[in-house]
Amino acid sequence: MEKAASRPCSTADLIDRLKRIVGANNVLDDASGMEGFLREPRDLFKGKAVCVARPGSTREVAAVLALCSETATPVTPQGGNTGLVGGQIPAAGGEAIVLWLGRMQALREIDPASNTMTVEAGMTLARAQAEADRAGRLFPLSLASQGSCTIGGNLAANAGGTGVLAYGAARDLVNGLEVVLADGRILSDLSKLKKDNTGYDLKHLFIGSEGTLGIITAAVLKLFPKPRAIETAFIGLASPAKALALLGLARDFVGNEVTAFELVPRIGLEFVLKHAAGARNPLSAPHAWHVLLELSSQSEEGLAGRLLALLESAAESGVIEDAVVAASLDQRQAFWTLRELLSEVQRFEGGSIKHDVSVPIADVPVFLEEIERAVSAAMPGARMVAFGHLGDGNIHCNVSQPIGADRGAFLARWDEINAIVHAIVAAHRGSISAEHGIGQLKRDLLPQVKDKVAMELMRAIKHTIDPKGILNPGKVL
């Protein structure tokens with residue numbers, strides 16, 4: 001890949017030209033103003049930048065990229081800065097500009113007849129959900145960070161979340177894209193069509209590319225009918241194997257009405273109960289594992305009965321030990337809060353070495369046994385907090401430090417523990433990144449696990465679309 005050459009204009013000239021494009025108030029070049037754009041949530045990566053440019057339209061994004069192409073200036077796109085692999089943080093060299101898309105928040109169109117909504121990249125996921133709801137529709141992408149994360153970032157990282165089981169990942173929720181290329185050209189493909197078989201489906205090049213191939217500025221999102229009935233249960237059971245049996249039973253009983261199936265270990269629940277104000281265990285006794293099960297239906301009648309029949313059958317067959325069904329919206333939200341806080345509360349227990357992996361669903365119980373055994377052998381006392389989306393095979397195998405251990409010494413073994421976990425993932429033909437992306441965190445691991453020809457094709461695509469290598473350099477490849 002051709003590297004970005006030295007800029008033919010000074011830093012002062014570059015900043016001045018950027019100000020003429022996006023407005024003087026929308027270029028930040030002082031340390032205090034840029035600080036929040038140069039650190040990510042886990043504080044694993046801290047970057048430097050020439051400045052932060054905040055365009056307000058696609059044309060402004062195009063003008064910024066044309067300038068950066070002309071001057072060979074690297075560009076790091078950023079939305080809500082909620083990414084967990086450092087893809088939104090510029091390199092430490094300080095040569096890049098951060099291109100923040102948070103001003104681009106417009107709802108361009110909502111079309112209930114086509115079940116689509118066209119939004120700009122800076123709209124938060126929570127607002128996109130709310131806009132769909134106001135139109136009597138559902139946008140089903142759901143993440144713990146939805147109040148802050150943006151649609152552009154969700155698509156750039158191909159976000160997953162709790163709805164993948166029923167609706168698919170972010171790439172499955174898009175009909176069309178508007179993308180600005182490295183040289184400033186605008187690819188306008190904001191199609192609402194369900195059928196368009198006219199050559200390569202280019203949107204999938206950019207979804208999941210983490211801003212390395214183009215900057216997503218707008219998207220046509222798929223909407224769905226709002227469920228008329230939702231039933232949520234918090235369930236105690238003995239093992240992941242029992243949870244897998246419950247998933248099979250649920251599919252037999254209610255089929256596609258299973259819209260969420262989240263696995264929660266006892267240790268994870270105990271962390272939440274210990275550190276989250278107001279959290280309480282919905283069940284009367286402790287259990288080794290738990291499942292948060294949600295069913296949704298277009299029929300207003302009968303769903304509660306079907307859930308009750310499922311739970312009774314599971315109890316009679318010894319699959320589950322106890323269960324409670326949410327009796328109100330507040331109780332349903334309380335169940336979900338227990339699940340959503342699992343990642344956040346781990347910081348109160350010291351260092352945490354995190355893994356976002358996936359394996360075939362049928363392999364999950366054995367995989368978790370192997371991970372627990374291998375990590376415990378390598379680091380006695382380490383606490384495995386494995387949780388996540390059992391319905392699609394995506395498990396977050398987080399390892400909390402032994403009680404009383406030195407945090408720095410524990411985190412210094414990150415690569416060692418990574419190697420152990422990822423070797424077991426590979427043995428099950430799984431993925432080292434199920435939903436968080438590659439970014440900086442897993443960039444050097446990718447060639448070790450990705451097919452050699454796939455890596456060659458990825459590099460060829462990158463070189464073709466971004467020959468100067470200015471788009472998010474140092475990420476993914």
Side-chain angles (χ1 to χ4, degrees), residues 84-85 125 138-146 149 154-155 157-174 204 207-208 222 224 227 230 232-235 237 239-265 268 289-296 310 335-336 338-340 342-343 354-371 385-398 421-422 424-438 442 449:
L84 297 176
V85 292
L125 174 55
L138 170 72
F139 182 59
L141 187 64
S142 181
L143 310 171
S145 60
Q146 59 200 29
C149 65
N154 297 154
L155 301 184
N158 187 31
T162 58
V164 173
L165 169 65
Y167 299 102
R171 74 166 64 253
D172 301 304
L173 302 175
V174 179
H204 288 298
I207 300 172
K222 297 178 183 178
F224 296 82
I230 298 175
T232 309
F234 197 81
I235 301 162
L237 30 69
S239 67
K242 294 291 188 180
L244 186 62
L246 176 62
L247 177 61
L249 197 62
R251 285 171 165 162
D252 287 343
F253 265 75
V254 296
N256 292 335
E257 290 180 333
V258 181
T259 48
F261 198 96
E262 298 291 302
L263 184 66
V264 178
W289 291 85
H290 310 83
V291 163
L292 177 57
L293 169 66
E294 191 156 275
L295 309 183
S296 303
L310 164 63
F335 291 178
W336 274 107
L338 295 175
R339 163 63 184 88
E340 290 166 352
L342 283 170
S343 290
K354 300 180 183 294
H355 306 88
D356 163 46
V357 301
S358 62
V359 297
I361 296 171
D363 290 12
V364 169
V366 172
F367 167 74
L368 289 175
E369 290 177 5
E370 293 172 352
I371 290 288
V385 186
F387 64 94
H389 320 299
L390 180 59
D392 58 48
N394 175 196
I395 302 296
H396 300 292
C397 293
N398 296 349
V421 172
H422 292 155
I424 298 173
V425 170
H428 287 272
R429 300 183 65 83
S431 169
I432 65 166
S433 180
E435 63 180 359
H436 292 167
I438 298 299
K442 299 180 181 180
V449 299

Output, in order, the C-alpha distance, side-chain angles, deciding distance and verdict of side-chain contact (heavy atoms from CB on, under 4.5 Å) for His422 and Val357.
CA-CA 8 Å; His422 292 155; Val357 301; 4.2 Å; yes

In sequence, state the C-alpha distance, the side-chain angles, and the governing distance for Trp289 and Leu368, and then conclude on side-chain contact (heavy atoms from CB on, under 4.5 Å).
CA-CA 12 Å; Trp289 291 85; Leu368 289 175; 4.2 Å; yes

Side chain to side chain donor-acceptor pair (under 3.5 Å) against Thr162, all qualifying residues, sequence neighbours excluded
none

Below 4.5 Å, heavy atoms only, C-beta onward: do Ser358 and Asp392 meet side chain to side chain?
no

Measuring from atom OG of Ser142 to atom CD of Glu340, what distance do you get when rounded to the nearest 0.5 angstrom?
6.5 Å

Evaluate the ring planes of His389 and His396, with Trp represented by its six-membered ring, and classify them as parallel (under 30°), tilted (30 to 60°) or perpendicular (over 60°).
perpendicular

Between the CG atom in Leu84 and the OG atom in Ser343, the distance rounded to the nearest 0.5 Å is 7.5 Å

Given 3.5 Å as the limit, does a donor-acceptor pair link the side chain of Gln146 with the main chain of Leu143, or not?
yes

Ile207/Val174 under side-chain contact (heavy atoms from CB on, under 4.5 Å): CA gap, chis, key distance, verdict:
CA-CA 9 Å; Ile207 300 172; Val174 179; 4.0 Å; yes

Is there a donor-acceptor pair under 3.5 Å between the side chain of Thr259 and the backbone N or O of Glu294?
yes

Quick one, Asp172 and Tyr167 - any side-chain contact, counting heavy atoms below 4.5 Å?
no

The test is side-chain contact (heavy atoms from CB on, under 4.5 Å); show your working for Glu262 and His290 and say whether it passes.
CA-CA 8 Å; Glu262 298 291 302; His290 310 83; over 6 Å; no

Measure the spacing between CG of Asn394 and OG of Ser431 and express it to the nearest 0.5 Å.
8.5 Å

Where the side chain of Asp356 meets the backbone of His436, is there a donor-acceptor pair that is under 3.5 Å apart?
yes

Rounded distance [0.5 Å steps], CG in Leu292 versus CZ in Phe261
9.5 Å

Do Val291 and Val264 have side chains that approach each other closer than 4.5 Å (heavy atoms only, starting at C-beta)?
no

Taking atom CG of Leu165 and atom CG of Leu247, what is their separation to the nearest 0.5 Å?
7.0 Å

